[in-house]
Amino acid sequence: ASADLADETALAERFAPVVRIVEQTEECGPGEPYQPIDVDVLFDEPTVALRGPWNPVDLVKIAPTARDLAGLYEYHLDFPGNALDPGCSYERWGRRITEGTVPTVYAHVATESARPGKLALQYWLYYVYNDWNNLHEGDWEMIQLDFDAASAAQALHDTPVEVGYSQHTGGERAAWGDDKLEIVGGTHPVVYPASGSHAGFF
């Protein structure tokens, strides 16, 4: 198992995406105020509440831990601010809770028994707030690289077949080597998150 994890880590590092975000030069000014965060900053945070199931007056706990979320369905984390009228509250709060941390991208290697010889390398990014269309707190986005490989060890000696970027109710994909896919250093796909929504674009 440790050898598999080492191969998965090496694969994730080899193909780690380059995330290009529009720079924001002044607080609450133009540009992207949100960067992908380390979700650990949300746990044991006294300004975060656990509520549910989908009832705004049903407070379960203040400052929940990761363990508190295990196995829950139709519950949610509640951040300070009004999602329908955000102003700069989420931007300021997000900056406060992430002070001293670095932007974070999570990697996950997935296979399916129904698709032998195929492997997906997923990168997950979490943003504090989605400031587009269906305004909401907490925004997971994903980049996926698909390999014709049975294991991470095998994928390390190959290139992906295609790359897909999540875009909320849809997505977009490109074959590895497609003109629209920008690649840095031969292995790092470039993703341009849309300002506010963080949907991934080539």
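Because the structure is a prediction, the values reported are computed rather than measured. Atoms considered below: every heavy atom in the structure, side chains included; atoms not considered: hydrogens, waters and symmetry mates.
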Looking at every non-hydrogen atom in both residues, tell me the closest pair between [X] and [Y] and how far apart they are.
| X | Y | value |
| --- | --- | --- |
| Leu181 | Ala174 | CB-CB, 4.4 Å |
| Ala66 | Phe43 | N-CD2, 3.6 Å |
| Pro193 | Arg20 | CD-O, 3.1 Å |
| His188 | Ala16 | ND1-O, 2.7 Å |
| Ala107 | Ala12 | CB-CB, 3.5 Å |
| Gly177 | Ile183 | N-CD1, 4.4 Å |

Are side-chain heavy atoms of [X] and [Y] found at a separation under 4.5 Å?
| X | Y | result |
| --- | --- | --- |
| Phe147 | Leu121 | yes |
| Thr47 | Phe79 | no |
| Leu125 | Ile143 | yes |
| Gln122 | Trp124 | yes |
| Pro33 | Tyr129 | no |
| Arg95 | Glu27 | yes |
| Leu50 | Leu72 | yes |
| Pro64 | Val48 | yes |

Are side-chain N/O atoms of [X] and [Y] paired as donor and acceptor at under 3.5 Å?
| X | Y | result |
| --- | --- | --- |
| Tyr75 | Asp68 | no |
| Tyr90 | Glu137 | yes |
| Gln167 | Glu141 | no |
| Trp93 | Glu91 | no |

- Task: Apply side chain to side chain donor-acceptor pair (under 3.5 Å) to Arg173 and list each qualifying residue two or more places apart in sequence or on a separate chain.
- Result: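 Per chain and number, Arg173 pairs via side chain to side chain donor-acceptor pair (under 3.5 Å) with no residue.
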- Task: Give the C-alpha distance, both sets of side-chain angles, the deciding distance and a yes or no for ring pair (Phe, Tyr, Trp, His ring centres under 6.0 Å) between Tyr165 and Tyr123.
- Result: CA-CA 10 Å; Tyr165 295 165; Tyr123 296 96; over 10 Å; no
- Are Val161 and Val191 grouped together when hydrophobic residues (ILVMFWY) are joined by side-chain heavy atoms under 4.5 angstrom apart?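 No; Val191 is not reachable from Val161 via cluster members.
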- Message: Between Val105 and Tyr34, is there shared hydrophobic-cluster membership here, with clusters defined by ILVMFWY side-chain heavy atoms closer than 4.5 Å?
- Response: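 Yes: a chain of side-chain contacts under 4.5 Å links Val105 to Tyr34.
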Supply the atom-to-atom distance [X] [atom1] to [Y] [atom2], rounded to the nearest 0.5 angstrom.
| X | Y | atom1 | atom2 | result |
| --- | --- | --- | --- | --- |
| Tyr126 | Leu42 | OH | CG | 5.5 Å |
| Leu59 | Asp78 | CG | CG | 8.5 Å |
| Leu135 | Leu84 | CG | CG | 6.0 Å |
| Glu13 | Thr187 | CD | OG1 | 11.0 Å |
| Glu45 | Ile62 | CD | CD1 | 10.5 Å |

- Task: Just grab all the salt bridge (charged side-chain N to carboxylate O under 4.0 Å, His left out) pairs involving residues 104-119, residues at least two apart or on different chains.
- Result: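 Applying salt bridge (charged side-chain N to carboxylate O under 4.0 Å, His left out) to every pair that reaches into residues 104-119, excluding sequence neighbours, yields Lys118-Asp148.
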- Message: Once salt bridge (charged side-chain N to carboxylate O under 4.0 Å, His left out) is applied, what residue pairs with a partner in residues 97-108 remain, sequence neighbours excluded?
- Response: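 For residues 97-108, and leaving out neighbouring residues, there are no salt bridge (charged side-chain N to carboxylate O under 4.0 Å, His left out) pairs at all.
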- Hey, what else clusters with Val184 if you join Ile, Leu, Val, Met, Phe, Trp, Tyr whenever side-chain heavy atoms sit under 4.5 Å?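 Listed partners: Val18, Val190, Tyr192.
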Keeping the roles fixed (side chain from [X], backbone from [Y]), state whether a donor-acceptor pair exists under 3.5 Å.
| X | Y | value |
| --- | --- | --- |
| Asp178 | Ala175 | yes |
| His136 | Asn130 | no |
| Tyr106 | Val39 | yes |

- Item | Sequence neighbours excluded, every pair satisfying disulfide bond (SG atoms under 2.5 Å apart) that has a member inside residues 59-148 |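 The answer is Cys28-Cys88.
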- Query: Taking everything shown except Asn134 itself, do over 12 heavy atoms lie less than 6.0 Å from its CG?
  - Reply: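 Yes.
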- Query: In this structure, are over 12 heavy atoms from other groups packed under 6.0 Å from Glu23 atom CD?
  - Reply: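 Not more than 12 within 6.0 Å, no.
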- Can a salt bridge be assigned to the pair Asp58 and Arg51 using a cut-off of 4.0 Å between side-chain N and carboxylate O?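 Arg51 and Asp58: not salt-bridged.
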- Task: Please report the C-alpha distance between Asp38 and Val102 in whole Å, then the side-chain angles of each, then the deciding distance to 0.1 Å, and finally whether the side-chain contact (heavy atoms from CB on, under 4.5 Å) criterion is met.
- Result: CA-CA 8 Å; Asp38 178 348; Val102 295; over 6 Å; no
Which pairs of donor and acceptor atoms, one on a side chain in residues 195-202, lie under 3.5 Å apart (sequence neighbours left out)?
{"residue": "Ser197", "atom": "OG", "partner": "Ala199", "partner atom": "N", "Å": "3.2"}
{"residue": "His198", "atom": "ND1", "partner": "Asp139", "partner atom": "OD2", "Å": "3.0"}
{"residue": "His198", "atom": "NE2", "partner": "Glu32", "partner atom": "OE2", "Å": "3.1"}

- Task: Just do the side-chain contact (heavy atoms from CB on, under 4.5 Å) check on Ile37 and Thr101 with the steps written out, would you?
- Result: CA-CA 8 Å; Ile37 72 165; Thr101 67; 6.0 Å; no
- Leu119 and Leu11: CA distance, side-chain angles, deciding distance, side-chain contact (heavy atoms from CB on, under 4.5 Å) verdict: CA-CA 11 Å; Leu119 179 141; Leu11 185 67; 4.0 Å; yes
